[in-house]
> 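Below is one structure. I have some questions about it.
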Amino acid sequence: MRHFTNVNDIGDLRAALAEAIEVKKDRFAFTHLGKNKTLLMIFFNSSLRTRLSTQKAAMNLGMNVIVLDVNQGAWKLETERGVIMDGDKPEHLLEAIPVMGCYCDVIGVRSFARFESKKDDYEEKILTQFIQYSGRPVFSMEAATRHPLQSFADLITIEEFRKTDRPKIVLTWAPHPKSLPQAVANSFAEWINATGYELVIANPEGYDLDPKFVGGAKVTHNQDEALRGADFVYAKNWSAYEDPNYGKVLNMDRSWTVTAEKMALTNNAYFMHCLPVRRNMIVSDDVIEAPTSLVIPEAANREISAQVVLKRILESL
Ligand code: CP
């Protein structure tokens, strides 16, 4: 595997999940792969889980790791070509990217949607330029439209806890005070659709996701109807995708918060969220603290998903 930006890059999902189990059994079995290899992790946005789990995965593989927070200590980067650079950004991404490539063997990039241009966000303008100009394998640590390391970890977790061959999985929108990207929801839908499991997406009107990611999933604006019989409930907020409201918060309807009453509609479902989560906006305290909450196992599996991806990239060098 050269680059990792979406579900297609991982290839056969059963093989990837089997590899995840192998890695999890003995995460230090492949330290030879990363010897004298350097991972550069570039963050345009904040992170707790991605930063720690990916660094840990790289160390498990014997790699050296450099972390760069672009907005703290590096030169501010201009990203648009043709701009007269007489403002506060002294360096252009088009020089910075190949320079970064000189100091490492693999690059991880976190660059969220900016909500300045839906076209730029959905064309993955920043991530694509890293792939084009760094000369290195690049993997997404959450880009504008997808968060594949998270989705892979979520799927590993579902595999560990599912009790049926084809579980019913509900991705439900939940309220949040700030504009959040659609990346986690898009990516989750993309990965679950690739499994063939039953996926229902519940969101208020105005929050329908890009049909490209929805695929064959059922979409409903009735959360209670969606939750009935669910085996897994994956809560996430996202801002509006559709024009003219792209990137906007249309409402903070707390009747969509995942509560014990809502979970009572399900088939004793597991609760999932990628974290960080705003309690009593997205999910009530009792639901996230219940034994059926998988938020910590999901976070733990971020190390495993990152390690499988890095292992495959190292094997291809
Ligand atoms: N879930 C996730 O990606 O967490 P961080 O934003 O903390 O990395």
Side-chain angles (χ1 to χ4, degrees), residues 4-7 9-10 20 39-60 65-72 106-115 121 124 126-127 130 138-158 160-161 169 171-174 176-192 213 232-239 258 270-279 281-283 287-288 293-310:
F4 176 74
T5 67
N6 66 67
V7 71
D9 294 326
I10 204 80
L39 167 65
L40 174 56
M41 295 165 60
I42 299 165
F43 289 92
F44 287 85
N45 310 94
S46 302
S47 167
L48 187 155
R49 278 143 293 273
T50 305
R51 178 184 299 261
L52 296 180
S53 62
T54 311
Q55 188 161 351
K56 177 67 165 64
M59 293 190 303
N60 293 348
V65 183
I66 305 172
V67 181
L68 178 68
D69 289 293
V70 171
N71 297 321
Q72 290 168 24
V106 183
I107 298 181
V109 181
R110 165 163 286 202
S111 175
F112 290 174
R114 298 171 174 208
F115 298 135
D121 287 343
E124 291 290 2
I126 303 295
L127 186 67
F130 272 91
V138 172
F139 65 95
S140 166
M141 299 195 298
E142 186 170 345
T145 63
R146 292 179 174 93
H147 194 356
L149 285 177
Q150 180 65 52
S151 307
F152 187 13
D154 294 334
L155 183 56
I156 295 167
T157 312
I158 287 170
E160 289 174 333
F161 286 87
I169 300 169
L171 167 62
T172 180
W173 180 95
H176 192 281
K178 308 251 190 235
S179 284
L180 296 187
Q182 297 95 31
V184 170
N186 286 343
S187 206
F188 186 75
E190 185 174 61
W191 283 68
I192 298 303
F213 293 102
F232 294 89
V233 175
Y234 196 100
K236 184 73 186 84
N237 174 268
W238 58 88
S239 60
V258 179
Y270 290 107
F271 174 80
M272 300 181 75
H273 189 278
C274 61
L275 304 181
V277 70
R278 290 185 184 242
R279 283 178 175 227
M281 286 294 295
I282 301 280
V283 58
V287 170
I288 198 169
S293 170
L294 298 182
V295 296
I296 306 304
E298 285 174 84
N301 278 330
R302 290 293 308 274
E303 179 183 342
I304 306 305
S305 64
Q307 191 165 336
V308 171
V309 167
L310 279 169

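Predicted, not measured: the structure shown is a model, and the values here were computed from it. Read the numbers this way: they start at 1 and go in the same order the structure lists the ligands and their atoms. Values reported hereafter were calculated over all heavy atoms of this structure, with side chains retained and with hydrogens, waters and symmetry mates removed.
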> Can you work out which protein residues put a heavy atom within less than 4.0 Å of ligand 1?
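Contacting ligand 1 under 4.0 Å are S47, L48, R49, T50, R110, H147, Q150, C274, L275, R302.
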> T145: which residues meet the side-chain contact (heavy atoms from CB on, under 4.5 Å) condition with it, sequence neighbours left out?
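Listed in chain order: Y122, E124, N186, F213.
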> Please give me the minimum heavy-atom distance between N71 and F44, naming the atom from each residue.
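Answer, listing the atom of N71 first, then F44: ND2-O, 2.9 Å.
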> So, using salt bridge (Lys or Arg N to Asp or Glu O under 4.0 Å) as the criterion, who are the partners of R278 when residues are at least two apart?
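Partners of R278 under the salt bridge (Lys or Arg N to Asp or Glu O under 4.0 Å) test: none.
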> Closer than 3.5 angstrom, by distance alone: can the side chain of W238 be matched with the main-chain N or O of V184 as a donor-acceptor pair?
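Flag not set: sc W238 to bb V184 has no pair under 3.5 Å.
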> Holding to side-chain contact (heavy atoms from CB on, under 4.5 Å), I want the full list of residues that pass it with R279, two or more places apart in sequence or in another chain.
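For R279, the residues satisfying side-chain contact (heavy atoms from CB on, under 4.5 Å) (neighbours in sequence not counted) are D285, I288, E289.
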> Just by modelled atom types, is the D121 backbone N or O under 3.5 Å from a matching donor or acceptor in the R114 side chain?
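No, the answer is negative, given that no donor and acceptor are paired below the 3.5 Å cut-off.
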